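Remarks on the structure that follows.
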There are 2 protein chains.
Amino acid sequence: MKEGPDIAQIGAMIGDPARANMLTALMGGKALTATELAAAGGITVQTASTHLAKLEAGNLLAQRKQGRHRYFTLADDSVGKFLESIMGFAAGRGHLRHKPGPKEPALRKARICYDHLAGDYGVRMLDNLIAEGAIDVLGDGLALTESGETALKSIGIDVHALRSSRRPLCRSCLDWSERRAHLAGSLGKALLSNFLDKGWARRTAESRSVIFSPEGERQFLALFPAAK
Amino acid sequence: MKEGPDIAQIGAMIGDPARANMLTALMGGKALTATELAAAGGITVQTASTHLAKLEAGNLLAQRKQGRHRYFTLADDSVGKFLESIMGFAAGRGHLRHKPGPKEPALRKARICYDHLAGDYGVRMLDNLIAEGAIDVLGDGLALTESGETALKSIGIDVHALRSSRRPLCRSCLDWSERRAHLAGSLGKALLSNFLDKGWARRTAESRSVIFSPEGERQFLALFPAAK
DNA sequence: TTCATACTTCGATCCTAACCGAAGCATTGT
DNA sequence: ACAATGCTTCGGTTAGGATCGAAGTATGAA
């Protein structure tokens, strides 16, 4: 026995409700302070502080000091991807929070997955990009095509600049509510920013859900028409 | 807060070392009795019994009674896939068991991932099948081609029979040691069985590793030649 | 300098759950 | 019928860790 990596350690990290809630809050993509995270976890700052230290030691979180604040984020996008996959697994096993709740539909429609768009709309977007030949599926990964690059330029995304980052341009991320892949990576991030900048949609303060304006929704659906 | 599925519950399931060890043992694919699992977890049968009840209530395990034995397996292959992905994440974060250990290289080379082949050899096999056009990559999924079907028939795999099962024929599963996909699904299972039946390889009693015979290794490498 | 804010560290409490011994139930073998 | 095996349930103990109050450190504002 005792083979392979230690899954119990990360299991324990996520296994505490307060920590799980803090991590979920960070899935919203915004850097949050220890005080904000304490509120998210439903605990005092003291307790949150020890939890955060633990999560940082476990390489799940990164922090940066700024003035007297300490901002926490997920260590990198692979943590976000991992958490999303756990949510998918949990949902599939019936490990739902007590009741679906009123915000749930909005969350399933469009939400933030760390830094990119997820939910029905996120999946629809990737499906369309693939169907239009903007993105190719290669093995496990995704790759932007030349025609895709020009198409994106036309809606105001400078792919060239994205390439210079060390981070992969395209990544697929398994959506917990749709059980299918959506687009992550720096391109996924850029697309979401683009929509937000254009005012098509806005993030909400206290939730991961993304709210589209009527006009924004119209434009988005025109750009990515097919339901599948 | 309190958005989405309850990840803390499954985190806690996996977060206990004894349970994690039992789950890892079940990744070997064999159905194990409560007594065997107790040994794997390093605990008494009483304690194991309560753990197993908990894991079953959480839909991670399935059991079937047979005589006075009670055989446990992972609830289905998606649990295996999930555990493998956690191992990959844990390994990437440096959450290794204290030291790599002597069995580690064998494990990385070829091991059982619930019911199919994983490790270097598992990844190599899928790479070859894709390169030869036996398997197509479609979106997130994999699909066997016609030419692939005939090729498999020639090595003694009846794909038609596999299709009748409810379980998907091809699935990709992320390999924790190689960080790339290998082949799961009923076809992945059939291929491993095929190799074992032919005597190319054998499973070990106490470990997930798969040991190839010299002749078996020669045949396997001839069938799947390119390192990539 | 002084005060306020943001956070960490210390110390103590408390509670959950992991654990095992003992007893109980079920199945099989003789 | 009786013993042996495999497992579960019960009861009581124990340890780990989650929690918070209070005190300590760091940064910024007045």
Side-chain angles (χ1 to χ4, degrees), chain A residues 1-2 6-26 30-58 60-75 95 98, chain B residues 1-2 6-26 30-58 60-75 95 98:
Chain A
M1 309 309 116
K2 309 269 177 122
D6 193 351
I7 61 174
Q9 259 182 56
I10 38 158
M13 295 262 177
I14 299 165
D16 179 79
R19 282 195 292 262
N21 285 333
M22 293 194 283
L23 288 170
T24 308
L26 287 172
K30 277 194 288 241
L32 298 175
T33 65
T35 313
E36 291 170 317
L37 286 168
I43 47 179
T44 61
V45 271
Q46 306 94 296
T47 312
S49 180
T50 61
H51 280 317
L52 291 169
K54 212 166 283 190
L55 289 171
E56 201 189 352
L60 294 187
L61 293 188
Q63 60 158 299
R64 70 168 190 280
K65 287 185 69 169
Q66 201 167 84
R68 52 184 158 184
H69 293 276
R70 197 159 287 224
Y71 285 96
F72 289 87
T73 56
L74 301 184
H95 293 264
H98 321 95
Chain B
M1 310 311 115
K2 308 266 180 129
D6 192 353
I7 60 174
Q9 258 182 57
I10 37 157
M13 294 264 178
I14 300 165
D16 180 79
R19 282 196 291 263
N21 285 332
M22 293 194 284
L23 289 169
T24 308
L26 286 171
K30 276 195 288 241
L32 298 175
T33 64
T35 313
E36 290 170 318
L37 286 168
I43 48 180
T44 60
V45 272
Q46 304 96 294
T47 311
S49 181
T50 60
H51 280 316
L52 291 169
K54 212 166 284 188
L55 289 171
E56 201 188 351
L60 294 187
L61 293 188
Q63 60 157 298
R64 68 169 192 281
K65 287 184 66 170
Q66 202 168 83
R68 53 185 158 186
H69 293 274
R70 198 158 287 225
Y71 285 96
F72 290 87
T73 56
L74 301 184
H95 293 264
H98 321 93

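None of the values given here were measured: they were computed from a predicted structure.
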B:A12 backbone acceptor or donor facing B:R19 side chain under 3.5 Å: yes

Phosphate contact (C:dA18 OP1 or OP2) by B:K54 side-chain N/O below 4.0 Å: yes

Distance test, side-chain N/O of B:H51 to OP1/OP2 of C:dC19, below 4.0 Å: yes

Shortest side-chain distance from B:Q46, nucleotide among C:dC19, C:dC7, C:dA22: C:dA22

Main-chain N/O of B:A20 paired with B:T24 side-chain donor or acceptor, under 3.5 Å: yes

Presence of B:T44 side-chain N/O under 4.0 Å of C:dC19 phosphate oxygens OP1/OP2: no

Side chain of A:F72 - closest among D:dA18, C:dT8, D:dT19: C:dT8

Below 4.0 Å: OP1/OP2 of C:dT8 and any side-chain N or O of A:S49: yes

Dump the pairs, protein N or O against N or O of nucleotides 27-30 of chain C, anything under 3.5 Å, distances to one decimal.
none

Residue mapping more 5' on DNA chain C - nearest nucleotide basis, A:H69 or A:A53: A:H69

Nearest-neighbour nucleotide for the A:T47 side chain, C:dA22, D:dA18, D:dC20 considered: D:dC20

Sub-4.5 Å side-chain heavy-atom contact between B:H51 and B:D16: yes

Verdict with reasoning, B:N21 to B:I43, per side-chain contact (heavy atoms from CB on, under 4.5 Å): CA-CA 10 Å; B:N21 285 332; B:I43 48 180; over 6 Å; no

Between P of C:dT13 and CD1 of A:I43, the distance in whole Å: 21 Å

